[in-house]
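Following: one structure in structure tokens, then a few remarks.
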Amino acid sequence: MHASADRASNQTQRKGGLTPRADDFPRWYQEVVAEATLAETGPVRGTMVIRPWGYGIWELLQRALDDRIKAAGAENAYFPLFIPESFLKLEAEHVEGFAPELAVVTHAGGKQLEEPVVVRPTSETVVNSFFAKWIQGYRDLPLLVNQWANVVRWELRPRILLRTTEFLWQEGHTAHATEDEARAYALRIFHDVYVDTMESVCAVPVVTGHKTARERFAGAIRTWSCEGMMGDGKALQMGTSHELGQNFARAFSIQFTNDTGTLDFVWQTSWGVSTRLLGALVMAHGDDFGLRLPPALAPAEVVVLAVRDEPDVRTAANALVAELAAAGRRVRLDDRFHLGFGRRSVEWERKGVPLRVEVGPRDLAEGQVTLAIRHLRTKAPVPLTGVATEAEQVLDTVARDLSAEAAAFRAARTADVATVEEAVEAGRTGFARLPVRALGPDGEDRLARESLSVRCLQRPDGTVAQTDTDEASLTAVIGRSY
RNA sequence: CGGGCUGUGGCGCAGUUUGGUUAGCGCGCUGCGUUCGGGACGCAGAGGUCCCCGGUUCAAAUCCGGGCAGCCCGACCA
């Protein structure tokens, strides 16, 4: 009954054919993911198909991360998808953390398996069972390995791109001779790979710090996390780097002879980021008209849109594509004349292409083209001769603008508070910064009852705290999380 | 796993309350033509196990029973 009425009233409010972000954020999110052709749900609950446009973004993100991971000295390798169930049980906290969400294979090859096999939810256990073989002496250290893989976690409540049953990620695993070295490496990855990628590639400012014991990775002694604020004020954990201490080393007997000849357990780290970041891009930068991509992650930074099917227009459009490609831009030609101009504009807008170059007869008569800037939704004429230069200048501003906008939004929704009650209030719409002292021993329980959590602990000035810092001197960043 | 909602051409829905011609509408798709600078228009056309199983009935998308699936909201997680 009301369905049609609702739909009709929606139509009047919808901009760009999407539910306005402010009206219904979750719905808007799903529509953008679908309309920007990033991903859609698969046939099995919680699974997803990442479509070419979404995968193109992922590939750019992968490259950005992979370059940084390699610069930090880690090498890529690949470990098996299937893990003996017994491996998971070797580290007590680890199994406790992951048991509820394991997919277990009990039958294969037409018969029941003697030992069930789990589909990896993460690879600490297999990786470390091999580290135990590969590490003998201190000269084998540090061992720095990364893998790009899919993992499976049977989540109770899937959300496309943010929490899917199967997702793609990168997981790094390292072993070191000393605790200090392991900690330094976990932090190096955290800052040089994760925070740098989030901020300079994704253009999403992040809050950094370490997790409370309650929020820590199962099996870690310390978890560093970067948390972004999404467009609804909620927090998204975008990447974590863990210091594992000797927990897994003891569980998997990863021992080495140190430089004084005595046997010791290695000190380890693990760290990962996932396709969840695609969801973060949508929620951090998207607007009522769709996705807005920073150029570094845009499969097409520029689309040259030929307005009409005329010889001069085609010639000019092709020349522009060639010119922009020569200038090093990822560029596409849109000469789908069977679709109207508006339809094509809307499509690129939804997909978040940062810049469109519109070329039509009217432009050419004036010796110009029109630049349409996605994130501002503005248009400006530019002389035909200066397009590549102008495009370059515009693209240079995009990530900075998106970043600044996100930072301003976060600042407006972050409050320094003095009590848990004030934190509860502020946490409804954004982040609350509360001295750990004021949080107290029962603070996290109180927050949990309000669907809030401590996203991370940091120094009052926002920087990451040294491990030996007195926690009571730190600040808790509190928010609702995805 | 609790609460709510929903399963009908590719997508979004109407029809179910009160069982009854050939299951409709919008979008999309195909063809032709006219259009073309912000989601074009006309004409023609294709496309359906009405989620599944069972039951009631002369007759079921519609009623009854049982399943299954999806979405949203909460607790758990990248």
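Residue numbers begin at 1 in each chain, while the letters A, B, ... track the order of the sequences. Because the structure is predicted, anything quoted here is derived from the model rather than measured.
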> Picking from B:C72, B:A78, B:G37, which would you name as closest to the side chain of A:Gln237?
Replying inline: B:A78
> Looking at the side chain of A:Arg308, which of B:C77, B:C36, B:A40 is the nearest nucleotide?
Replying inline: B:C36
> Base, sugar-phosphate, or nothing for A:Thr370, non-hydrogen atoms under 4.0 angstrom?
Replying inline: base
> Can you name the ring pair (Phe, Tyr, Trp, His ring centres under 6.0 Å) partners of A:Phe98, sequence neighbours left out?
Replying inline: A:His94, A:Phe217
>> Show me the pairs that pass salt bridge (Lys or Arg N to Asp or Glu O under 4.0 Å) and involve residues 364-376 of chain A, at least two apart or across chains.
In response: A:Asp287-A:Arg374
> Under a 3.5 Å cut-off on both pairing distances, which runs of 3 or more consecutive Watson-Crick or G-U pairs involve RNA chain B?
Replying inline: B:1-7 with B:68-74, B:10-13 with B:24-27, B:29-34 with B:40-45, B:51-55 with B:63-67
> Can you check the A:Arg446 CZ to B:A75 P distance for me, whole Å?
Replying inline: 14 Å
> Base, sugar-phosphate, or nothing: which does A:Gly272 touch, judged by heavy atoms less than 4.0 Å apart?
Replying inline: nothing
> Is there a stack between A:Trp169 and B:A78, judged by ring centres under 5.5 Å and planes under 30°?
Replying inline: no
>> Taking donor-acceptor contacts at under 3.5 Å, does the side chain of A:Lys379 reach the base of B:G38?
In response: yes
>> Within the 4.0 Å heavy-atom criterion, would you say A:Arg214 contacts the bases, only the backbone, or no part of the nucleic acid?
In response: nothing
> Contact class for A:Asp363 (heavy atom, under 4.0 Å): base, sugar-phosphate, or nothing?
Replying inline: base
> Donor-acceptor pair under 3.5 Å: do we get one between A:Arg356's side chain and the base of B:G38?
Replying inline: yes
> Which atoms form the tightest heavy-atom contact between A:Phe82 and A:Val117, and what is the distance?
Replying inline: CB-CG1, 3.3 Å
> Which nucleotide, B:A40, B:A78, B:C72, lies nearest any side-chain atom of A:Arg343?
Replying inline: B:A40
> Can A:Asp445 and A:Arg449 be counted as an ion pair, charged N to O under 4.0 angstrom?
Replying inline: no
>> Strictly below 4.0 Å: does A:Arg480 bring a side-chain N or O up to OP1 or OP2 of B:G74?
In response: yes
> Between B:C36, B:C76, B:G38, which one does the side chain of A:Leu156 approach most closely?
Replying inline: B:C76
> Does any non-hydrogen side-chain atom of A:Phe431 lie less than 4.5 Å from one of A:Ile478?
Replying inline: no
> Looking for any heavy atom pair under 4.0 Å, which part of the strands does A:Pro361 touch: base, sugar-phosphate only, or nothing?
Replying inline: base
> Counting any heavy atom closer than 4.0 Å, what does A:Arg157 reach on the DNA or RNA strands: base, sugar-phosphate only, or nothing?
Replying inline: base
> So, the side chain of A:His285 versus the backbone of A:Leu281: is there a donor-acceptor pair under 3.5 Å, distance only?
Replying inline: no
> Is NZ or CZ of A:Arg377 both nearer than 6.0 Å to the six-membered ring centre of A:Phe289 and within 45° of the ring axis?
Replying inline: yes
> When all nucleic acid strands are considered with a 4.0 Å heavy-atom cut-off, which category describes A:Phe98: base, sugar-phosphate, or nothing?
Replying inline: nothing
Please enumerate all protein N or O atoms sitting under 3.5 Å from an N or O of nucleotides 29-33 of chain B, with distances to 0.1 Å.
none

> Looking at A:Val282 and A:Leu291, what are the two nearest heavy atoms and their distance?
Replying inline: CA-CD1, 3.8 Å
> Touch check for A:Leu162, heavy atoms < 4.0 angstrom, all strands: base, sugar-phosphate only, or nothing?
Replying inline: base
>> So, using ring pair (Phe, Tyr, Trp, His ring centres under 6.0 Å) as the criterion, who are the partners of A:Trp348 when residues are at least two apart?
In response: none
Would you mind writing out the side-chain donor-acceptor pairs for residues 50-61 of chain A within the sub-3.5 Å range, not counting sequence neighbours?
residue : atom : partner  : partner atom : Å
A:Arg51 : NH1  : A:Glu40  : OE1          : 3.2
A:Trp53 : NE1  : A:Lys351 : O            : 3.0

> What about A:Arg153, does its side chain sit under 3.5 Å from the base of B:C77 through a donor-acceptor pair?
Replying inline: no
> Which is true for A:Glu347 with a 4.0 Å heavy-atom rule: it touches a base, it touches only sugar-phosphate, or it touches nothing?
Replying inline: nothing
> Taking all atoms of both residues into account, what is the closest heavy-atom pair of A:Gln237 and A:Arg455, and its distance?
Replying inline: OE1-NH2, 4.0 Å
> To the nearest angstrom, how far is A:Asp24 atom CG from B:C71 atom P?
Replying inline: 15 Å
>> Heavy atoms only, 4.0 Å cut-off, all strands: where does A:Ser451 land among base, sugar-phosphate and nothing?
In response: sugar-phosphate
